[in-house]
Amino acid sequence: MELILCKNYDEISERGANIIARAMIDKPDCILGLATGSTPVGMYKRLIEMNRASWIDFSRTTTFNLDEYYPISPENSQSYRYFMNENLFNHVNIDKKNTYVPNGSAADAEAECKAYDAMIENSRGIDIQVLGIGINGHIGFNEPDENLITGTHLTALTESTIEANARFFDSKDEVPRHALTMGIGSIMRARKIILLASGKNKHDAVMKLLDGKLTTACPATMLKLHPDVILICDEAAYNG
Ligand code: PGA
């Protein structure tokens, strides 16, 4: 795992955006794996600026998002589909038909997960996957557990994630209890992964990424088995 240690959040956003921009310039039809949460917002802002300056072009880009609450309507302002439209897709020249987010309103969650995996498999595969990391070490909504699941699946959110995400809702009670998420296997198949971590509250999870151990109690540690992962973190996350 390569480490890029940044002074602060702005530098994380800049470095992350530069890596994605480089990939998009090298491969105009590249396939991006995208993440929600507060961490990638600055990076998306930077990508929007680059698109407006005509440095990067999204017209041939395809995206697959990591996860979505379940059940939730895509029109709900708390849905990850809505988040992606607001924070990136509405502001760049991407064709929304080429942006995929698991469908939180699918009647049959299991069928939706299978279809999502099939779509990723039938594409040329994800070139760069963007990840945040949960305080508890989750990636996507792969929560700490005895077992981790390889493919896209329906999962229950842990109490720590519900509490962490409550800040986006009027109250904790409104946070959905379930989500559809790419599995660890879906994530590991990406050719390249960038993981962004900012702030003191990510310190413990970041330290677990940098020791020599794998544990399902910190799902992000599975990334140590991937040949091309860049951890982009700030001093607050690194030093604690
Ligand atoms: P955050 O979430 O970027 O809002 O901290 C990260 C995550 O839970 O994966």
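We count ligands from 1, going down the list as the structure has it; atoms in each ligand are counted the same way.
One distance of note links OH of Tyr69 with OH of Tyr80; it measures 3.5 Å at 0.5 Å rounding.
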Begin from the C-alpha positions of Asn85 and Arg81 and carry the test side chain to side chain donor-acceptor pair (under 3.5 Å) through to its verdict.
-> CA-CA 6 Å; Asn85 288 347; Arg81 159 54 73 184; 3.2 Å; yes

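Near ligand 1, heavy-atom contacts under 4.0 Å come from Gly37, Ser38, Thr39, Gly132, Ile133, Gly134, His138, Arg167, Lys202.
If you check the side chains of Asn93 and Asn51, you find a donor sitting under 3.5 Å from an acceptor. In this model, a donor atom of one side chain and an acceptor atom of the other lie less than 3.5 Å apart for Asn136 and Glu143.
The salt bridge (charged side-chain N to carboxylate O under 4.0 Å, His left out) analysis of residues 170-180, with sequence neighbours excluded, yields the pairs Glu159-Lys172, Glu163-Lys172.
Between Lys202 and Asp234 there is no salt bridge, since none of the side-chain N atoms of the basic residue sits less than 4.0 Å from a carboxylate O of the acidic one.
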